[in-house]
Each structure stands twice: as C-alpha cells, then as structure tokens.
Enquirer: 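Please see the structure below; I have some questions.
In this text, all values refer to a predicted model and were calculated from it rather than measured experimentally.
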There are 2 protein chains.
Amino acid sequence: MTEDARQAGHPEQSGRAGHSGQAARPTITDVARRAGVSKSLVSFALNDRPGVSAETRDRILAAARELGWTPSLRARSLSVDRSYALGLVIGRSVDVIAADPFFHAFIAGVESEFSTAGQVLVLTRATPGREEAATYRGLAADKRVDGVFLTDLRADDDRIRLVSELGLAAVTLGRPDIPSPFPSVSVDDGRGIRAAVDHLIALGHRRIAHVAGPSNMLHGRRRAEAFAAAARAGGVEPMAAVETDFSAVDGARATRELLALGTERPTAIVYSNDMMALAGLAVAQRAGLRVPLDLSITGFDNTELGEHTFPSITSVATDAAEWGARSARLLLAAIAEEPVGDIELAEPRLVIRESTAAAPAAPVAAAPPRT
Amino acid sequence: MTEDARQAGHPEQSGRAGHSGQAARPTITDVARRAGVSKSLVSFALNDRPGVSAETRDRILAAARELGWTPSLRARSLSVDRSYALGLVIGRSVDVIAADPFFHAFIAGVESEFSTAGQVLVLTRATPGREEAATYRGLAADKRVDGVFLTDLRADDDRIRLVSELGLAAVTLGRPDIPSPFPSVSVDDGRGIRAAVDHLIALGHRRIAHVAGPSNMLHGRRRAEAFAAAARAGGVEPMAAVETDFSAVDGARATRELLALGTERPTAIVYSNDMMALAGLAVAQRAGLRVPLDLSITGFDNTELGEHTFPSITSVATDAAEWGARSARLLLAAIAEEPVGDIELAEPRLVIRESTAAAPAAPVAAAPPRT
DNA sequence: CCGTGTCTCTAAACCGGTTTAGAAGGTGTG
DNA sequence: CACACCTTCTAAACCGGTTTAGAGACACGG
C-alpha cells in the first residue's frame with residue numbers, strides 16, 4: 001500500500017505536497033475588484049478605520065468572506081514593520097533544560113495568549129556568551145520578532161543593554177539588578193524558600209543546608225539569600241550553601257559533599273529545584289539514609305515527577321503557566337506601546353509531601369556510598 | 001540606583017528601547033547608489049547570479065559591507081515566497097511533555113542545522129484534534145513556515161493529508177502507516193525494546209510485562225509489538241501490555257495494576273519511557289519490593305535523571321539530537337526541492353545500569369501499598 | 001561591413017499589503 | 001450664493017527586496 005502510493009505518486013519524494021491544483025490565493029486586489037472599490041478602501045474596511053460607509057464596509061467584508069481572503073501576513077509585515085512574533089532564547093545547556101518543566105509550562109502559558117492575537121513563538125537555544133548575543137542580534141537583524149522574553153536573569157545582565165540597543169521590546173522574568181527599560185514579571189520565590197525553611201524549622205531541624213543554583217543567576221542568588229535570611233529569622237544559623245549549575249549531576253555532587261560532613265551533616269536540605277532534589281534523594285538513599293526519617297529534603301518547582309517518587313517530594317510550587325501568560329500579555333502591550341508596569345505574581349506555595357519529617361534526635365552519619 | 005534610572009529615563013516604561021537615535025537601516029537602494037549601479041544588479045551580486053562582472057561585484061559587495069547592509073528578510077520573504085522558518089507543533093498535554101527530554105534534545109539538534117542557514121524554529125503546542133488542525137492551518141494560512149516536523153505519528157494520522165493539502169513541506173519522525181508524500185527519519189526503536197527484553201531474558205526473567213505508550217501512537221504501538229515479538233523469540237510468553245498516555249501518573253497506575261497480580265506479578269517490567277519507569281520504581285519501592293532484587297525495570301530515552309536515581313535505571317538510548325539534526329537537514333532539502341529519501345538512524349543501544357538483575361527464585365508478592 | 005551572439009547592466013513590474021494626498025460630492029452656514 | 005467642511009472614496013507612493021524584458025557595447029564569423 002505504502003509502497004504503491006510512493007511509486008505511483010512520488011517516484012522522487014519531494015517533501016512538498018503534490019501539485020494538487022493549489023488555487024492561487026486571493027489578494028486584496030481581488031477583493032477590491034469584487035466589491036467594486038479600490039484596494040485602499042478594502043484595507044480601511046479591514047482594519048476598521050473611519051472613512052468607510054457602513055454599507056460599503058459590509059459589501060467589502062462580504063466580498064472578502066466569499067473569496068476566503070485573509071490578508072497576507074508577509075505583506076502586512078513588510079508595510080507595518082511588525083513581525084507578529086515573539087522570541088524566547090533559552091540560555092542553558094540542553095541537559096539542564098531537559099528535565100526542567102518550567103519552560104514547558106511557561107511556553108504553554110505564553111501560547112495561551114496567542115490564540116487570539118495571531119502571534120507566534122520563535123524558540124532558540126543558545127549558550128550564554130558570544131553565541132547568545134549573536135542569537136539576539138540575528139533575531140533583531142532579520143526582524144524575526146517584535147519582542148523577547150528575558151529569562152534566567154543574571155547579575156549585571158548584558159542582555160538588557162544589548163536587547164535595548166537592538167531596538168527590540170522585551171519583558172524580564174524577575175526584576176533585574178541593574179536599571180532596565182523593560183517591564184518585569186516576577187514572583188517572590190524568596191517567600192517560597194522561606195516557607196520551606198519555616199516548615200523545616202517547625203519540624204525541629206537546626207542543621208539545614210541549601211543546594212543553590214548558580215550564583216550569577218539572579219533567582220539562584222535570591223533563593224540562597226532568602227534561605228539564609230529565613231534560617232536566621234527562625235533562630236537557626238544557616239549552613240553554607242553549595243552552589244550548582246541546576247543540573248541533576250551537580251545536585252548529586254552537592255549532596256555528596258553535604259553528607260560527607262558526617263555527624264556535622266545537615267538533617268535537612270533545601271534544594272533550589274526539583275531535579276536536584278530527586279538526584280539528592282537518590283544519593284541519600286544510596287548512602288543508607290532514610291528520607292525523611294534521617295534526612296528531610298525539599299525541592300522547588302513542584303514537578304510532576306516529584307509527586308511520583310518514593311518518598312514523594314515536598315516542593316515549592318510556582319505557577320509557570322500563569323507566568324508565561326502574564327509575560328506574554330505584558331510584552332504584547334509593550335509592543336503595542338500601551339502603558340505598562342511591573343507585575344508581581346501570586347506567592348509561591350509550599351506543597352508538603354513525604355520527604356519532610358521531624359528532625360532525628362541525633363543525626364545518623366551517612367554510610368560510605370554503595371555502588 | 002534602579003529607581004533613579006527608572007524615574008529618570010522611563011517615567012512610563014514602554015518595553016521598547018529608548019529612542020537612542022536608531023540610524024535608519026540601509027536598503028538595497030542605498031547600496032546601489034553607493035556602488036553606482038542599479039538595485040537589480042545589487043540583487044544579482046548578492047545572490048551570486050551570472051551576469052555581473054567580477055570587478056562590479058566586488059564594488060557592490062564592498063559598498064554593502066561599508067554600509068553594513070543586510071537584505072531585509074521580510075522583503076525577500078515577500079518576493080521569493082519563502083519564510084525561512086520551520087514549524088514544530090507539539091501535540092501532547094503540557095504535563096506529558098514536561099519531563100520528557102526528547103523534545104529538548106530534538107530541538108537542539110534541529111537548531112544545530114540552523115546556524116548556517118539563517119532559519120528559525122516556530123514552536124507551537126496544541127492538543128490533538130480541532131485545535132491541532134487549526135494550528136497547522138494557521139501556520140499555513142499566514143505562511144509562517146516553509147515546512148513542519150510531524151512528530152508522535154498516530155495510526156492513520158490525519159495530519160499527513162492535512163499538511164499535504166495545505167501545501168506545506170514536511171518530514172515525518174518515523175514511517176507512517178499510510179501512504180505519505182513526505183520523507184521520513186526513523187529509528188528502529190523496536191530494536192531497543194528487543195535489546196531490553198533479551199537482556200532480561202538472559203537474566204532469567206520469564207514473567208516480563210510491558211508498560212506501553214498510547215496504542216494510537218505509532219511508536220507506542222510499535223514498541224508494544226516489538227516487546228511481544230522479542231519475548232516470544234526468547235521463548236517467553238509476554239504478559240499483556242498495559243497501555244498508558246506516557247505520563248508519570250499513568251505509569252504509576254500501570255505499575256500498581258501489574259503488582260496487584262500478587263504472585264502472578266511480573267519479575268521485570270519494560271517501560272516505554274523513562275518517566276514512567278521512574279514513577280514505576282517508586283510504586284514498587286512503596287510496595288516493599290527491592291529493585292532490582294525483587295523486580296527489574298527498564299526505561300526508554302535514557303534521561304539524565306535516570307542516571308541519578310537509586311537504583312539508577314537501565315534504559316534504551318536513542319540519539320534525539322541527531323534525530324533533530326537529520327530531520328532538519330532533510331526538511332530543508334525537501335523545501336529546496338532537492339531529491340530526498342527516507343533516513344534510518346543508528347540503532348538505539350541499551351544502557352545497563354542498576355535497575356536490572358537476575359530474576360528472583362520465587363517472586364515476592366508486593367505488600368499492600370504504604371502511605 | 002553587417003548580422004548574430006554574448007556579456008553587462010538598467011528600467012520597470014511584481015510580491016501584497018498600508019498610508020498619504022487629494023478628488024468628488026453633499027451639507028451646513030453666513 | 002459662495003464658502004468651508006465633512007464624508008466617502010481613489011490614485012499613487014511606499015515597505016525592500018526579486019525577476020523579467022530589453023538596451024547598449026563589444027567580439028566574432030561570414
């Protein structure tokens with residue numbers, strides 16, 4: 001069957017559909033002719049601008065409907081100097097994004113705002129540095145997008161100046177630490193970390209460690225600071241935070257380091273994301289520790305998978321989809337040159353599951369790692 | 001600091017960069033004037049077509065360089081009827097994609113082919129059905145993309161006819177079960193499943209179950225068939241496959257069903273993806289089973305996280321990035337109307353880790369689930 | 001010396017919209 | 001009745017490229 005069809009219709013596959021008499025698509029001129037008016041008037045009617053009588057407008061719209069005409073995005077794009085597309089440049093290595101559900105939910109949120117607007121999302125991945133800058137330059141040079149989402153903000157982030165110089169609109173996820181011409185959408189993830197720390201302190205933990213994200217990323221740093229502040233506020237001296245790149249490998253390494261402290265080891269670890277919490281869980285179990293009896297852990301992001309581990313993971317939930325939706329709306333407003341301001345999302349909430357429990361009377365030292 | 005800057009420069013944030021004297025970007029006409037030739041000749045020189053003398057060409061290119069001119073993608077797009085963009089419509093629910101690293105690696109692979117070509121990826125998410133069809137129609141109506149990647153092929157997939165009717169070029173990931181005008185890039189994932197089954201049989205397992213993907217997805221179905229075939233080839237009667245939607249929740253549910261069989265339960269489970277394998281691992285542990293002593297499990301995809309669980313997961317590795325790169329190259333060739341043919345990727349390989357071991361002498365019944 | 005062919009180049013049309021300048025006709029006002 | 005003004009509409013320019021038709025110069029062969 002398949003072979004027949006192949007041989008019959010496509011001796012050489014072309015990847016393009018068969019020449020199935022694609023009726024030439026109507027243009028604005030066809031509509032004008034049919035409605036008996038000039039192209040300009042069709043344009044006016046379409047964009048409902050004043051200066052078109054009601055009955056003429058109806059006649060034009062009817063003609064357009066009959067012909068099944070839709071204005072060419074490309075032509076419109078050329079004349080009005082808009083792309084009707086937004087860009088997202090993900091600046092992490094593939095591995096690190098891989099298991100991070102944030103972007104999926106964020107993107108889904110962004111797109112939920114597009115259905116109405118005929119917009120589209122251009123996705124690019126680039127490792128920070130020259131490649132990243134080149135990517136933004138490319139998007140701007142080709143005018144591929146009208147605006148971009150700036151995620152994973154870094155300290156003194158050079159993208160802000162770059163994007164601004166390139167003349168692109170933008171929205172930052174989180175508030176930058178330098179002056180920025182762009183509006184921001186942020187969530188107080190410090191509150192989330194604090195909730196986790198408070199929860200642990202209430203459970204009697206006094207030796208609490210933090211496995212942090214990269215300190216050059218603002219949210220990584222902010223969470224680390226929030227961790228320290230929350231611990232002190234609870235009357236507990238925070239243990240030094242271990243820095244990671246957010247990946248599972250690095251989360252595992254950090255956990256091993258913390259457990260190597262023997263009886264000085266933490267009885268609870270606050271991870272800066274779920275992926276590392278999961279990897280840390282495995283390291284602890286491998287070292288013979290029972291979670292949560294001997295060690296409590298908390299994650300961040302509230303990944304679906306964190307609900308399906310044994311034990312399941314207590315985690316801080318932020319609404320990434322909502323974040324995406326609000327960011328998109330804000331960016332579109334900025335592009336339309338409407339007045340916009342910063343947005344603060346709802347507080348993250350702590351989802352308590354099985355990985356946290358009362359602190360052990362005396363910390364059990366971890367066993368030497370098993371193979 | 002930040003506040004000062006805000007108040008000073010941007011009493012009302014605009015999301016657009018400051019009016020920093022954006023020098024109007026040069027056009028082909030500017031270049032022509034500077035080189036003392038007509039626009040047409042600049043166009044010829046740029047696209048190096050015959051009929052331009054060597055010295056004139058040099059003069060034109062020099063002028064272009066001096067002015068920093070880059071042809072407008074939009075204008076070119078309008079006249080040559082090409083978008084220089086490819087589309088990917090992900091047709092799964094957010095949750096299901098969330099922890100699936102396939103798309104990340106695939107996208108990274110796709111983009112590795114773009115750096116040279118000035119192409120861009122338009123990403124869309126749509127749940128199969130009306131919304132999905134509307135998405136493809138939208139991309140085609142606006143001529144947003146020159147071609148699309150068809151992933152997660154379904155049985156009798158209506159997208160093939162749709163996309164073909166819309167006049168888009170396409171590449172299918174995997175060979176469809178119906179006649180298709182599009183070239184395909186596929187990997188023999190059946191071989192991967194077979195490797196897993198062979199491995200388990202060699203370890204002495206006789207009661208092996210399969211937690212399958214949706215049967216209406218071709219690869220889900222194909223893996224299930226390969227599972228049954230491999231088991232029989234190894235002289236083992238395969239247990240009935242449990243169908244899922246690829247999500248962690250569903251993987252957990254399937255595992256619970258299998259373990260509820262008591263002493264009739266499988267001693268090994270072959271999962272159709274890693275996420276379900278991880279969820280299944282947790283279910284087994286929660287039921288008091290030791291993995292791999294009492295139960296062996298294998299995954300599919302070789303997720304980074306599967307390496308960092310306890311025990312780590314034996315999994316089938318396919319090269320998603322390579323898949324993306326080859327697909328992109330093929331699609332671009334098809335769009336350029338070069339002759340193309342189907343591509344078969346390298347065989348997937350089984351990565352053996354800790355979650356598989358010799359079959360238990362007598363299967364231990366699972367304990368009633370603990371909370 | 002003339003017709004033909006080749007090479008280099010230009011003018012103008014074209015892709016399909018938007019936008020500006022202004023024409024034509026009707027109404028209101030002094 | 002003349003004038004201003006508003007409404008409705010059109011012609012033409014414009015966005016910034018590509019492509020076609022053909023002009024002009026030159027070499028070649030008969």
Enquirer: Examine distances only and state if a side-chain atom of B:Glu132 and a backbone atom of B:Thr127 form a donor-acceptor pair shorter than 3.5 Å.
Expert: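 Checked: no pair found.
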Enquirer: Test your reading of the model: is there a side-chain donor-acceptor pair from A:Arg144 to the backbone of B:Leu73, 3.5 Å cut-off?
Expert: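 Checking the backbone N and O of B:Leu73 against the side chain of A:Arg144, no donor-acceptor pair under 3.5 Å is found.
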Enquirer: Check whether B:Trp323 reaches the backbone of B:Phe106 with its side chain - one donor and one acceptor, N or O, closer than 3.5 Å.
Expert: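 The answer is no, because no donor-acceptor pair under 3.5 Å joins these two groups.
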Enquirer: Does a salt bridge link B:Arg137 with B:Glu165, judged by any charged N lying under 4.0 Å from a carboxylate O?
Expert: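 Judged by the 4.0 Å cut-off on N to carboxylate O distance, B:Arg137 and B:Glu165 do not form a salt bridge.
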Enquirer: With the threshold set at under 4.0 Å for non-hydrogen atoms, list the residues of residues 138-145 of chain A touching DNA chain C in residue-number order.
Expert: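 None - not one residue of the stretch has a heavy atom sitting under 4.0 Å from the strand.
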Enquirer: Listed by chain and number, what are the side chain to side chain donor-acceptor pair (under 3.5 Å) partners of A:Arg33, not counting sequence neighbours?
Expert: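 Testing A:Arg33 for side chain to side chain donor-acceptor pair (under 3.5 Å), a comparison that skips the adjacent residues, returns A:Asp30.
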Enquirer: Give me the first and last nucleotide of DNA chain C, going 5' to 3', that has any atom under 4.0 Å from a heavy atom of chain B.
Expert: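 So the outermost contacting nucleotides come out as C:dT8 to C:dG16.
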Enquirer: Applying side chain to side chain contact (heavy atoms under 4.5 Å, CB included) to B:Ile107 and A:Arg125, what does each step give before you reach the verdict?
Expert: CA-CA 8 Å; B:Ile107 289 172; A:Arg125 203 198 52 72; 5.6 Å; no
Enquirer: For DNA chain D, which residues of residues 31-39 of chain A approach it to below 4.0 angstrom with any heavy atom?
Expert: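 Heavy-atom contacts with DNA chain D come from A:Gly36, A:Val37, A:Ser38.
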Enquirer: Among residues at least two apart in sequence or on other chains, which ones pass side chain to side chain donor-acceptor pair (under 3.5 Å) with A:Glu111?
Expert: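 Partners of A:Glu111 by the side chain to side chain donor-acceptor pair (under 3.5 Å) criterion come out as none, since no residue qualifies.
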Enquirer: Closest approach of B:Ser43 and B:Ile28, non-hydrogen atoms and distance?
Expert: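 Looks like N-CD1, 3.9 Å.
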Enquirer: Name the nucleic acid region contacted by B:Ser43, choosing base, sugar-phosphate or nothing; use a 4.0 angstrom heavy-atom cut-off, strictly under.
Expert: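 Base, at least one base atom sits under 4.0 Å.
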Enquirer: Tell me, please, which residues at least two apart from B:Lys39 pass side chain to side chain donor-acceptor pair (under 3.5 Å).
Expert: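 By the side chain to side chain donor-acceptor pair (under 3.5 Å) rule, B:Lys39 matches no residue at all.
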Enquirer: Can you run down the salt bridge (charged side-chain N to carboxylate O under 4.0 Å, His left out) pairs that involve residues 48-66 of chain A, sequence neighbours left out, and say none if there aren't any?
Expert: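 Applying salt bridge (charged side-chain N to carboxylate O under 4.0 Å, His left out) to every pair that reaches into residues 48-66 of chain A, excluding sequence neighbours, yields A:Arg34-A:Glu66.
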Enquirer: Looking only at side-chain N and O atoms, does B:Ser83 offer a donor or acceptor that is under 3.5 Å from a partner on A:Arg74?
Expert: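 Result is yes, a qualifying pair exists.
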Enquirer: So, the side chain of A:Ser77 versus the backbone of A:Arg82: is there a donor-acceptor pair under 3.5 Å, distance only?
Expert: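 Side chain of A:Ser77 to backbone of A:Arg82, a donor-acceptor pair under 3.5 Å: yes, one is there.
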Enquirer: Between the protein and nucleotides 21-28 of chain D, which nitrogen or oxygen pairs come in under 3.5 angstrom?
Expert:
none

Enquirer: Of the residues in residues 46-56 of chain B, which ones touch DNA chain C at a heavy-atom distance under 4.0 Å?
Expert: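 Within this stretch, B:Gly51, B:Val52, B:Ser53, B:Thr56 sit under 4.0 Å of the strand.
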Enquirer: As a quick check of understanding, evaluate side chain to side chain contact (heavy atoms under 4.5 Å, CB included) for A:Arg175 and A:Asp342, giving each step before the final call.
Expert: CA-CA 9 Å; A:Arg175 247 182 298 277; A:Asp342 292 347; 4.0 Å; yes
Enquirer: Which heavy atom of B:Ile160 sits nearest a heavy atom of B:Pro181, and at what distance?
Expert: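 Reported closest heavy-atom pair: CG2-CD, 4.0 Å.
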Enquirer: What are the two closest non-hydrogen atoms of B:Leu46 and B:Pro71, and how far apart are they?
Expert: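 Answer, listing the atom of B:Leu46 first, then B:Pro71: CD2-CG, 3.6 Å.
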Enquirer: Just jot down the side chain to side chain donor-acceptor pair (under 3.5 Å) partners of A:Arg159, sequence neighbours excluded, or say none.
Expert: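 Per chain and number, A:Arg159 pairs via side chain to side chain donor-acceptor pair (under 3.5 Å) with A:Asp157.
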Enquirer: Could you check B:Val110, B:Ile90, B:Leu123 and say which one makes a side-chain contact (heavy atoms from CB on, under 4.5 Å) with B:Phe103?
Expert: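 Filter result, single survivor: B:Ile90.
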Enquirer: Start with the C-alpha distance between B:Leu86 and B:Leu332, add both sets of side-chain angles, then the distance that settles side chain to side chain contact (heavy atoms under 4.5 Å, CB included), and finish with yes or no.
Expert: CA-CA 9 Å; B:Leu86 303 182; B:Leu332 289 174; 4.0 Å; yes
Enquirer: Between A:Thr56 (side chain only) and A:Val52 (backbone N and O only), is there a donor and an acceptor less than 3.5 Å apart?
Expert: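 Checking the backbone N and O of A:Val52 against the side chain of A:Thr56, no donor-acceptor pair under 3.5 Å is found.
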Enquirer: Does anything in residues 62-81 of chain A come within less than 4.0 Å of DNA chain D? Heavy atoms only, and list the residues if so.
Expert: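 Correct list: A:Leu78, A:Ser79.
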Enquirer: So how far off straight is the helix from C:dC1-D:dG30 to C:dG30-D:dC1, going by the axes through five pairs at either end, to 10°?
Expert: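 Roughly 60° between the end axes, to the nearest 10°.
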Enquirer: Short question: side chain of A:Arg326, backbone of A:Gly109 - any donor-acceptor pair under 3.5 Å?
Expert: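 Not confirmed, A:Arg326 side chain does not pair with A:Gly109 backbone.
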